[in-house]
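Encoded as structure tokens, the structure appears first; notes follow it.
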Amino acid sequence: MITVQGVVDRVGPTLLRTVLPGDRDVTDVVIAELGRRTHVADGDFVLGVTVNSAGKAAELVEYCGANGAAAVLLKPPLASSAGVLTAARDTGTAVVEVHNATAWAQLVWLLRTVLDAAADDEHATEPGNQGLGDLFRLADAAAAVVDAPVTIEDANSRVLAYSARQDRTDPARVSTIMGRRVPDDVLARFRSRGVFRDLSRGRTTIFVPAQRDGTLPRLIVPIRMGGELLGSMWAVVPGPVSDERAAAFADTAPVVALHLLRRRALADAERRRSAELVRTVLQGKGSVRLAAAELDLDEEPHRVVAIDVATTDALDAEGLRLALWERITAGVGRQPAVTELHGILYAIVPDQAGWPGLSEALRSESGALVGVGSPVEITTLTESRAQAEEALGLLRARLVDGPVATYDDAWPVVALHRVAAAAAPTGAAELGPLAILRAHDEQSGSAYVDTLYEWLRHPGDPKAAARALRIHANTLRYRMTRLIELTGLNLDDPDIRLAVTVQLATTRWA
């Protein structure tokens, strides 16, 4: 247990000052609200968040003291008013003054941190040296201030934490918490109301009235630090909120911002360490097995996934890569190990436990091109990386349809591309009469080269070849007769057919 003075001492004189001491132990923190009889029990630390007059403050102290509260916390000048001190002496409760600039939400969080530490028999330190605690507990503190269930979300509308009492919400909130992300249809509704535009512009609080589909009102506060939007807090409220309570809710933002920044710093440090280990594995340098063990990669086949973004704007590309990194490390099955090399994101995923889920997620990502290597053993991931890069190159060249190309499925295109790339420097495509057809096409606008190519690709099936060219089968037959007359090609000779096929592949797949 901890006394009132013990709590004040641990929080520190910068925020709290004892006006009238008391000898009761502190057990919990309670938010008092004007107009409602707040439930107060023995040992409660009662915060007069919305008390704005000496008369109401004295009334609150009298009520709390009669119910065994350990102390009532008020801001100046209310804490030192005669009526408050008289009521406190009569009921045996302490009075603590809260510094005017102190945010109530910050105070709730600090007080609960102190009480938790006392309950665990820990030796408390100054608040500035304490850890940030649990983000869910901070959501509970914010919910207590605004008296409504709260979610804390990052800048991508992903739920980081949520408070208790979510049973008082609506289906949209339930779906958000279940999916740990705001559903797309819900996002669209709030976006159409300009909510995210207001968040980006730095509004202190945003109130969104109830909607026709049954979505309850929301009070929204942006979480900012140094001009950067880190996320937002969303409270499901029954209706318009008083200015005092809205301001108290907004005061939560700096505390949450600090928590998120420290959380991100830790995550970034861990991510940098993980990224270095992934590079070691992908490049095959150093102790690959040791790096794989530190990444917690199981002894099972893994794939390397190479991800590029389809934009030439450097800033857009950087933003898309960061967003993709965040989403794919948010966890689809087992979390993939990710790094960035030369502007390409690489992920190492287990073939069975990770790739199916990540594949589904990546296929829905607009602007992403994804090359995927074959599943290999941990020690040969360099091979899967080379395959992933080759598949990605085919996507960039539009030789295969995107957005995802797996080496397993794209092997015919890989083979043709390799043959074409090897043959191109030899000048093989310039041999024989094929140049005659090219010259004729350039001069007359005909399509004899394309016609010959599709005829060779669909041997014995002129209808299929005609469909590929989007012409009638009779037109195909006429073109074939004319091009043979022009070139003298003997297409009954299998070697000539093979040679011309290689020549055409060289010009199309290199």
Side-chain angles (χ1 to χ4, degrees), residues 2-115 118 127 140-148 241-255:
I2 186 171
T3 64
V4 172
Q5 193 58 45
V7 173
V8 172
D9 290 342
R10 293 183 183 190
V11 172
T14 303
L15 301 183
L16 300 180
R17 179 179 72 91
T18 302
V19 177
L20 188 68
D23 57 3
R24 295 173 182 171
D25 291 330
V26 181
T27 57
D28 199 2
V29 181
V30 174
I31 307 294
E33 184 176 0
L34 286 175
R36 291 174 56 183
R37 280 298 184 183
T38 306
H39 177 71
V40 175
D42 288 346
D44 283 347
F45 228 45
V46 183
L47 278 61
V49 173
T50 61
V51 178
N52 52 19
S53 72
K56 293 293 186 182
E59 181 183 331
L60 175 65
V61 172
E62 184 178 357
Y63 170 74
C64 293
N67 285 277
V72 176
L73 283 72
L74 299 165
K75 289 194 173 183
L78 302 180
S80 300
S81 64
V84 165
L85 296 178
T86 299
R89 292 190 186 99
D90 290 344
T91 57
T93 190
V95 177
V96 177
E97 184 176 78
V98 180
H99 191 281
N100 249 331
T102 302
W104 286 110
Q106 180 186 24
L107 187 58
V108 171
W109 170 61
L110 289 174
L111 291 172
R112 287 184 172 170
T113 300
V114 168
L115 293 182
D140 281 334
V145 168
V146 75
D147 192 25
V241 178
S242 68
D243 292 342
E244 293 85 358
R245 191 167 289 278
F249 185 42
D251 283 343
T252 309
V255 185

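- Using a 4.5 Å cut-off on side-chain heavy atoms (C-beta onward), F249 and V241 make no contact.
- Residues S53 and E59 form no side-chain contact, since every pair of their non-hydrogen atoms from C-beta on lies 4.5 Å or further apart.
- With sequence neighbours left out, the side chain to side chain contact (heavy atoms under 4.5 Å, CB included) criterion links A79 to V19, L74, V95, E97.
- For N100, the side chain to side chain contact (heavy atoms under 4.5 Å, CB included) test picks out K75, P76, with sequence neighbours left out.
- Applying the salt bridge (Lys or Arg N to Asp or Glu O under 4.0 Å) test to E62 and every residue at least two apart in sequence or in another chain returns nothing.
- Residue pairs that meet the salt bridge (charged side-chain N to carboxylate O under 4.0 Å, His left out) test with at least one member in residues 20-32, sequence neighbours left out, do not exist here.
- A54 pairs by the side chain to side chain contact (heavy atoms under 4.5 Å, CB included) definition with L78, S81, not counting sequence neighbours.
- When atom types are taken as modelled, the side chain of T86 and the backbone of G83 share no donor-acceptor pair closer than 3.5 angstrom.
- For T91, there are no side-chain hydrogen bond (donor to acceptor under 3.5 Å, both in side chains) partners at least two apart in sequence or on another chain.
- Residue V4 forms a side chain to side chain contact (heavy atoms under 4.5 Å, CB included) with just one option from L20, V96, L16, and that option is V96.
- Rounding to the nearest 0.5 angstrom, the gap separating the OG1 atom in T50 from the CG atom in L60 is 8.5 Å.
- Residues satisfying the side chain to side chain contact (heavy atoms under 4.5 Å, CB included) criterion with A66, sequence neighbours excluded, are absent altogether.
- Within the 4.5 Å cutoff, the side chain of D147 has no heavy atoms near those of the I31 side chain.
- Among residues two or more places apart in sequence or in another chain, the side-chain hydrogen bond (donor to acceptor under 3.5 Å, both in side chains) test is passed with E244 by none.
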